[in-house]
Amino acid sequence: MARALVGKVLLHGDHVARIVETEAYLGLADAASHAFRGVTPRTGVLFGPPGHAYVYLIYGMYHCLNIVAEPEGSPGCVLIRALEVEGQPEASGKGPGRLTRAMGITLRQNGADVTRGSLTVHAPSREAKFEVAVSPRIGIKHNVDWPLRFFVAGSRSVSGPRSFNRV
DNA sequence: CAATAGATCATCT
DNA sequence: GATGATCTATTGC
């Protein structure tokens with residue numbers, strides 16, 4: 001799922017951007033996942049049906065956007081790490097905290113259905129040609145070596161290290 | 001480029 | 001009461 005979401009288009013209100021960087025979180029099997037410790041009021045949507053947004057506040061000032069990726073009862077999800085506005089690499093959301101700010105995403109979109117409503121994911125109108133690269137995830141303290149971060153190879157809108165292995 | 005500190009709050013123990 | 005899937009600014013190579 002994380003691999004497939006790279007290159008898709010995210011829509012929220014008037015904002016449109018291409019997803020250029022994602023990370024996978026494996027739920028109960030992944031100590032880095034919020035769902036690792038089981039169901040809580042916050043992680044409830046992770047255990048719900050796929051295709052819904054999981055938004056949370058981190059460090060008291062940034063929101064992070066995830067898409068639930070696995071069937072109901074299975075809490076796998078994909079963190080959206082970076083977006084690129086077409087033709088405006090520098091106006092893009094580079095990093096999970098900045099992209100939610102740029103798109104106007106807050107706790108209000110938590111649990112939103114991403115196949116309908118104001119926050120949606122679409123296939124790109126024009127199939128862009130690009131290669132997807134893989135690397136370990138960023139900013140976590142568990143399973144640091146798992147290659148679950150996916151991004152558009154060579155994109156300047158990607159956060160963090162751009163060195164990679166192709167996939 | 002690397003290391004560090006500070007901002008700030010919903011959520012969990 | 002502690003913590004964190006972040007970002008920015010600043011300092012020191």
Side-chain angles (χ1 to χ4, degrees), chain A residues 1-8 10 12 15 17-70 73-85 88-112 114 119 121 132-152 154-165 167:
Chain A
M1 264 300 293
R3 164 80 175 71
L5 277 174
V6 174
K8 294 287 187 295
L10 187 68
H12 183 232
H15 308 286
R18 187 169 70 125
I19 298 171
V20 294
E21 183 181 356
T22 65
E23 281 180 6
Y25 285 84
L26 306 185
L28 297 174
D30 183 0
S33 168
H34 285 174
F36 181 65
R37 293 167 190 284
V39 189
T40 69
R42 177 176 59 159
T43 59
V45 317
L46 289 176
F47 290 82
H52 286 246
Y54 166 56
V55 183
Y56 65 93
L57 182 67
I58 188 70
Y59 299 124
M61 47 179 67
Y62 296 102
H63 298 275
C64 288
L65 171 66
N66 300 249
I67 310 284
V68 180
E70 292 185 27
S74 189
C77 71
V78 177
L79 169 69
I80 309 301
R81 277 199 66 86
L83 303 173
E84 177 176 83
V85 178
Q88 303 182 59
E90 292 312 318
S92 310
K94 189 190 294 184
R98 284 168 125 201
L99 78 86
T100 50
R101 198 181 57 187
M103 298 291 282
I105 293 167
T106 69
L107 289 180
R108 295 216 321 235
Q109 345 293 332
N110 190 29
V114 164
L119 176 64
V121 177
V132 176
V134 192
S135 82
R137 294 176 292 183
I138 293 176
I140 52 172
K141 297 186 171 177
H142 299 276
N143 306 323
V144 169
D145 55 338
W146 290 10
L148 294 178
R149 171 176 174 249
F150 301 86
F151 56 99
V152 175
S155 170
R156 285 198 294 127
S157 300
V158 166
S159 70
R162 308 216 176 87
S163 61
F164 57 87
N165 301 305
V167 73

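In the text below, chain A, chain B and the rest are named by the order of the sequence lines, each starting its count at 1. When reading the values below, keep in mind they use all heavy atoms of this one structure, side chains included, and skip hydrogens, waters and symmetry mates.
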Check your understanding: Any side-chain N or O of Arg149(A) less than 4.0 Å from the OP1 or OP2 oxygen of dA5(C)?
Key -> no

Practice item. Using only side-chain N and O atoms of Arg101(A), determine if any of them is under 4.0 Å from OP1 or OP2 of dC7(C). Key: no

If we ignore hydrogens and angles and just use 3.5 Å, is the side chain of [X] paired with the main-chain N or O of [Y] as donor and acceptor?
X	Y	value
His12(A)	Leu119(A)	no
Arg137(A)	Ala24(A)	yes
Asn66(A)	Tyr54(A)	yes
Thr100(A)	His63(A)	yes
Glu23(A)	Arg81(A)	no

Rounded to the nearest angstrom, tell me the gap between atom [atom1] in [X] and atom [atom2] in [N].
X	N	atom1	atom2	answer
Leu79(A)	dT6(C)	CG	C1'	11 Å
Phe151(A)	dA5(C)	CZ	P	21 Å
Arg98(A)	dT6(C)	CZ	P	14 Å
Phe36(A)	dT13(B)	CZ	P	12 Å
Arg42(A)	dT13(B)	CZ	C1'	13 Å
Lys94(A)	dT6(C)	NZ	P	16 Å
His34(A)	dT11(B)	NE2	P	11 Å
Ile138(A)	dA2(B)	CD1	P	13 Å

Practice item. Would you indicate what Arg137(A) reaches in the nucleic acid, counting non-hydrogen atoms under 4.0 angstrom: base, sugar-phosphate, or nothing? Key: nothing

Point to revise | Check: Tyr56(A) side chain, dA5(C) base, donor-acceptor under 3.5 Å | key: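 Under the 3.5 Å cut-off, the side chain and the base do form a donor-acceptor pair.
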
Exercise for review: Kindly point out which of dT11(B), dC7(C), dT13(B) is positioned nearest to the side chain of Arg37(A)?
Suggested key: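 The closest nucleotide is dT13(B).
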
Review point. Mind pulling the stems DNA chain C is in, i.e. runs of at least three Watson-Crick or G-U pairs, everything under 3.5 Å?
Key: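 If one scans DNA chain C for consecutive Watson-Crick or G-U pairs, the stems found are B:1-7 with C:6-12, B:9-12 with C:1-4.
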
Point to revise | Test item: Leu148(A) and Leu26(A) side chains (from C-beta on) under 4.5 Å apart, heavy atoms | key: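 Yes; the side chains approach each other to less than 4.5 Å.
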
Point to revise | Residue of the set Arg98(A), Glu21(A), Lys94(A) for which side chain to side chain donor-acceptor pair (under 3.5 Å) holds with Ser159(A) | key: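 Per the side chain to side chain donor-acceptor pair (under 3.5 Å) rule, the option paired with Ser159(A) is Glu21(A), out of Arg98(A), Glu21(A), Lys94(A).
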
Study note, to complete from the structure: Distance col, row Ile67(A):CD1 vs Leu46(A):CG, nearest 0.5 angstrom, shows 11.5 Å

Practice item. Output the residues of residues 57-69 of chain A in contact with DNA chain B, where contact means a heavy atom of the residue under 4.0 Å from an atom of the strand; sort by number or write none. Key: Leu57(A), Tyr59(A), Gly60(A), Met61(A)

Practice item. Report the C-alpha separation of Val78(A) and Phe150(A) in whole Å, then their side-chain angles, then the decisive distance to 0.1 Å, and conclude whether the side chain to side chain contact (heavy atoms under 4.5 Å, CB included) test is met. Key: CA-CA 10 Å; Val78(A) 177; Phe150(A) 301 86; over 6 Å; no

